[in-house]
Number of protein chains: 2
Amino acid sequence: MATVSRALNKNGYVSEEARKKVETAIKDLKYYPNEVARSLFQKTSKMIGLLLPDISNPYFPLLMKGIEESARANGYSVILGNVEEGSDLGENYMTLFAQQNVAGVLSAVEGTLSHEHAMPIVMLDRVLEEDDFAVYTNDVKGGKLAAQAVMDRDPGNVLIIAGPKSVPGAIDRLIGILSVLNPTDVKYQIYETNSYTIEEAEETAKNIFMKYKRINSVIASNDLYALAVMKEAQQKGLHIPRDIQVIGYDDIPFSQLVYPGLTTISQPAFKLGYQAADLLVSRIRKNKVEEKRIKLDPKLILRDSLREKTESEEK
Amino acid sequence: MATVSRALNKNGYVSEEARKKVETAIKDLKYYPNEVARSLFQKTSKMIGLLLPDISNPYFPLLMKGIEESARANGYSVILGNVEEGSDLGENYMTLFAQQNVAGVLSAVEGTLSHEHAMPIVMLDRVLEEDDFAVYTNDVKGGKLAAQAVMDRDPGNVLIIAGPKSVPGAIDRLIGILSVLNPTDVKYQIYETNSYTIEEAEETAKNIFMKYKRINSVIASNDLYALAVMKEAQQKGLHIPRDIQVIGYDDIPFSQLVYPGLTTISQPAFKLGYQAADLLVSRIRKNKVEEKRIKLDPKLILRDSLREKTESEEK
DNA sequence: GAAACGTGTGTAACCGATTACACATATAAT
DNA sequence: ATTATATGTGTAATCGGTTACACACGTTTC
């Protein structure tokens, strides 16, 4: 019995003969160890908790896929936790994860506190406190990229649709955008939204066309909003990108399936998930981690929703 | 100790006084029971396994959300398992789930066999054997709905993009479509695809415009393909729906964000997930289940990618 | 030849809950 | 008064693994 355990875990002394016996017995009996019993004794498990603010957000599938692949490659499984934005379910889930002896937690939820239950946490694209581990995209740069792309293309009147300021990433993007626009004499306006839901995106698209008369460029807080604006514009008979150009953020898979193709800033969702899970596993294994923070660079994905680049930007 | 356990689980005799003491102690010590220890003894747990063929499919987020909500409402958490279509990871995951003492499994993967490990399984939108529990949509009806919508609107030459015949649902849809088209003298052609990936969707869209000259209506196997066709058509200068009308399948959230809005058949993904989790929990609790199979009806979602309805359909 | 060491195996304690069972007390029935 | 019944609590076994420890044996080392 102890010998079997030693054979399975390859620690301690086991004779070649005994190991063989164990191996054949395992095959014969189709034995597989009970992870629950293991977990009880070890006070940890082969599972990591995943806390997401709203799974139905189209940005998440790729993220999850990255997480799942990396976790599986390292021998871990993922417990799913979906939290409505704003609810305090996050706490409940953290307790639940603790009750399940999870080895660590990946979280994209604001209020996740790591101190109550002592589990390693890696934040996904949201950073709360200075000493947290996190994998995230450089949103300031993303904002700059988007703004610059617009600036290079005869911007006219610019409308910035900014995400909820409760979301740190949204703030950074805005900072990036403004850092490019402010030094110029481009006219811009900012419209702030409260969520990333499709419903609000549609509503916003309608509103902005009523509220602002002459808009020539839209920098949207994400692809959902960009898509909604494009649809509304086309419905109003405006030509994209001639009359109004729009740029999104995220590069969700659909952005390439609309007409005209949406130019956007690509967030490496899969990679982010993959690296976050890797980082978490390193922490769990107490490997020395090179960096507590991994910053990934967003990328401009040029499609057809922006006008042609203007050669000179002189006044 | 035993009394504490009885107080927590509300079975056996516990004096009012003792119960109070336990309650305050729990609060004072911030005690929460270890689910792993529970699970070890009970040989089951508060977790269900979820097996999906490809999380990045846009149809799944809503499905997962439904599952997660229902599971949570019943006190269960979800372990995620992502399986590449065609790989034999499904088996591995089933073993892994068994090792974790999961209470049951929800699966949307073909080869999931329920016999090796005795856990209740509920199939999601795929049915393998006659005696399985399953929640699925009536795809024959969905096919009929789509075909009828097209027939009502001056079909012209119809192109049917059919999903992989390895997917039972795809077959049913085709059956439904043909059951409507065959009795008429409408001209149609069938183009069969191999997957539900975006890449193949784009490729297919390009191919069909090369291969078939005059197509007036497209019945796509899902929204991805429909969107890809719409984009390609618009790129070629065709007007939707005047020159070519298209109908999708799934009603993924983006279908309402494109221009023109995609008319499609709505699969109640959220509801399906929710009910599947409910059914599974019932099985787990050994409640008497009214029906082993729950068939949900798809619905026609009219938007703007089909032409106006023709009044009379006389020849 | 005795002590030290390396190798291999088995026994028993442990992880944190649940629950069968024994036991104590109070109340009801005979 | 005696026996049954209801109520409450504590002890110990159990779930299925891991591992500290004791022990046995063979080989070096001095």
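Side chains included, hydrogens not; waters and symmetry mates left out as well; all remaining heavy atoms used.
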(request) Please identify each residue that fulfils ring pair (Phe, Tyr, Trp, His ring centres under 6.0 Å) with A:Tyr93, with sequence neighbours left out. (result) A:Phe97
Please check if the side chain of [X] supplies one atom and the backbone of [Y] the other of a donor-acceptor pair under 3.5 Å.
X	Y	result
B:Asn222	B:Leu224	yes
A:Arg283	A:Lys292	no
A:Arg173	A:Gly142	no
A:Arg293	A:Asp132	yes

(request) May I have the step-by-step check of side-chain hydrogen bond (donor to acceptor under 3.5 Å, both in side chains) for A:Thr193 and A:Glu200, ending in yes or no? (result) CA-CA 8 Å; A:Thr193 62; A:Glu200 198 190 336; 4.5 Å; no
What integer distance in Å separates [X]:[atom1] from [N]:[atom2]?
X	N	atom1	atom2	result
B:Tyr32	C:dG16	OH	P	11 Å
A:Lys21	C:dG8	NZ	P	14 Å
A:Met1	C:dT9	CE	C1'	13 Å
A:Leu40	C:dA13	CG	C1'	13 Å

(message) Per the salt bridge (Lys or Arg N to Asp or Glu O under 4.0 Å) rule, what does the pair list look like for residues 34-52 of chain A, sequence neighbours excluded?
(response)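 Listed once each, the pairs are A:Glu35-A:Arg38.
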(message) Over all strands shown, is B:Gln42 touching base, sugar-phosphate only, or nothing at heavy-atom distances under 4.0 angstrom?
(response) sugar-phosphate
Hey, what are the protein-to-nucleotides 25-29 of chain C N/O distances that come in under 3.5 Å?
none

(message) Working note: B:Ser45 + A:Val36, criterion side-chain contact (heavy atoms from CB on, under 4.5 Å); need CA distance, chi angles, decisive distance, verdict.
(response) CA-CA 9 Å; B:Ser45 71; A:Val36 175; 6.0 Å; no
(request) By nearest nucleotide on DNA chain D, pick out whichever of A:Pro33 and B:Phe41 is the more 5' one. (result)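 This one resolves to B:Phe41.
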(message) If we count only N and O atoms by modelled type, under 3.5 Å, do the side chains of B:Ser70 and B:Asp278 hold a donor and an acceptor together?
(response)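 Checked: B:Ser70/B:Asp278 side chains pair up, N/O donor to acceptor below 3.5 Å.
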(message) Test of understanding: with side-chain contact (heavy atoms from CB on, under 4.5 Å), list the residues that count as partners of B:Lys65, not counting sequence neighbours.
(response) A:Asp54, A:Ser56, A:Asn82, A:Glu84, B:Glu69, B:Phe270
(request) Heavy atoms of chain A, cut-off under 4.0 Å: which first and last nucleotide of DNA chain D, 5' to 3', fall inside that, if you could look? (result) D:dG16 to D:dT19
(request) Any chance you could lay out the side-chain hydrogen bond (donor to acceptor under 3.5 Å, both in side chains) test for A:Thr137 and A:Asp297, step after step, and finish with the verdict? (result) CA-CA 6 Å; A:Thr137 46; A:Asp297 275 338; over 6 Å; no
(message) Under 4.0 Å, heavy atom to any atom of DNA chain C: which of residues 2-20 of chain A qualify?
(response)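 Output list: A:Ala2, A:Thr3, A:Arg6, A:Tyr13, A:Val14, A:Ser15, A:Ala18.
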(request) Kindly say if B:Lys43 contacts the phosphate of C:dT18, meaning a side-chain N or O under 4.0 Å from OP1 or OP2. (result) no
